[in-house]
Enquirer: 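If you scroll down you'll find the structure; I have some questions about it.
Ligands are counted one by one from 1 in listed order, and the atoms in each one are counted from 1 as well.
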Amino acid sequence: ANERTLSIIKPDAVAKNAIGEIIARFEKAGLKVVAAKMIRLSEENAGGFYAEHKERPFFNDLVGFMTSGPIVVQVLEGEDAIAKNRDLMGATNPKEAEAGTIRADFAETIDANAVHGSDSVESAEREIAYFFDNDEICPR
Ligand code: CMP
């Protein structure tokens with residue numbers, strides 16, 4: 001199905017100057033960027049985005065990392081965009097990520113793992129709405 005998914009280029013990948021290389025992978029795989037912006041998350045914004053992980057032991061480190069520098073949030077659109085993006089990203093832990101995936105190529109640790117992508121249609125809807133108003137999304 002034609003889907004939208006939320007992608008985040010995390011502070012580690014922005015710091016490495018890898019924004020373009022990562023977006024090129026999405027585009028080469030047939031995904032279209034229909035919204036994008038660079039932002040610096042507050043603790044409140046990061047905690048709200050990752051609310052489902054609030055009770056996990058890594059929550060504080062996750063919020064600390066995601067607020068450590070600017071991120072690039074994008075809406076990607078295309079056929080099976082959610083699964084396609086997850087295939088491009090590779091496993092959450094870069095040490096387990098398949099060769100050629102974004103996390104294998106740009107990430108070193110499970111905390112600083114270069115990218116985030118929505119994991120379901122429901123989370124994609126919630127995550128897109130968390131960062132973008134409808135009039136910031138440009139279907140094409
Ligand atoms: P992300 O897809 O952004 O969603 C939550 C993030 O928490 C995840 O990527 C990882 O960067 C981070 N994280 C740290 N430790 C863990 C863990 N044990 N399991 C899952 N995610 C973790």
Enquirer: What is the closest protein heavy atom to atom 9 (O) of ligand 1, and at what distance does it sit?
Expert: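 Of every protein heavy atom, Lys10 NZ, 3.2 Å lies nearest to atom 9 (O) of ligand 1.
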Enquirer: Going by the order shown, which atoms of ligand 1 are within less than 4.0 Å of some heavy atom of Tyr50?
Expert: 1 (P), 3 (O), 4 (O), 5 (C)
Enquirer: Quick check: are there more than 12 heavy atoms from other residues, nucleotides or ligands sitting under 6.0 Å from CD of Glu136?
Expert: yes
Enquirer: From atom 12 (C) of ligand 1, work out which of Val115, Ile110, Asp61 has a heavy atom at the shortest distance.
Expert: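 Shortest heavy-atom distance from atom 12 (C) of ligand 1: Ile110.
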Enquirer: Tell me, which protein residue and heavy-atom name are nearest atom 2 (O) of ligand 1, and how many Å apart are they?
Expert: His116 ND1, 3.0 Å
Enquirer: Between Phe58 and His53, how do the two ring planes meet: parallel, tilted or perpendicular, split at 30° and 60°?
Expert: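 Judged by the thresholds at 30° and 60°, the geometry between Phe58 and His53 is tilted.
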Enquirer: Ignoring hydrogens and geometry, is there a side-chain-to-backbone donor-acceptor pair from Asn113 to Thr92 under 3.5 Å?
Expert: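 Answer holds: yes.
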Enquirer: Has Glu52 got more than 12 heavy atoms of other residues, nucleotides or ligands less than 6.0 Å from its CD?
Expert: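 Yes, because the 6.0 Å sphere around CD of Glu52 holds more than 12 heavy atoms from other groups.
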Enquirer: Mind checking whether Thr92 has an N or O less than 3.5 Å away from an N or O of ligand 1?
Expert: no
Enquirer: Tell me, which protein residue and heavy-atom name are nearest atom 17 (C) of ligand 1, and how many Å apart are they?
Expert: Phe58 CE2, 3.4 Å
Enquirer: Which residue supplies the protein heavy atom nearest to atom 14 (C) of ligand 1, what is that atom called, and how far is it?
Expert: Asp111 OD1, 3.3 Å
Enquirer: Surrounding NZ of Lys32 (heavy atoms of other residues, nucleotides or ligands, distance under 6.0 Å), is the total greater than 12?
Expert: no
Enquirer: What atoms in ligand 1 come closer than 4.0 Å to a heavy atom of Arg103?
Expert: 2 (O)
Enquirer: Tell me the protein heavy atom at minimum distance from atom 6 (C) of ligand 1, and give that distance in Å.
Expert: Leu62 CD1, 3.6 Å
Enquirer: Closer than 3.5 angstrom, by distance alone: can the side chain of Asp133 be matched with the main-chain N or O of Asp135 as a donor-acceptor pair?
Expert: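 No: the side chain of Asp133 does not pair with the backbone of Asp135.
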Enquirer: Please work out which of the three classes, parallel, tilted or perpendicular, describes the rings of Phe131 and Phe49, given edges at 30° and 60°.
Expert: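 Answer is tilted, since the angle falls between 30° and 60°.
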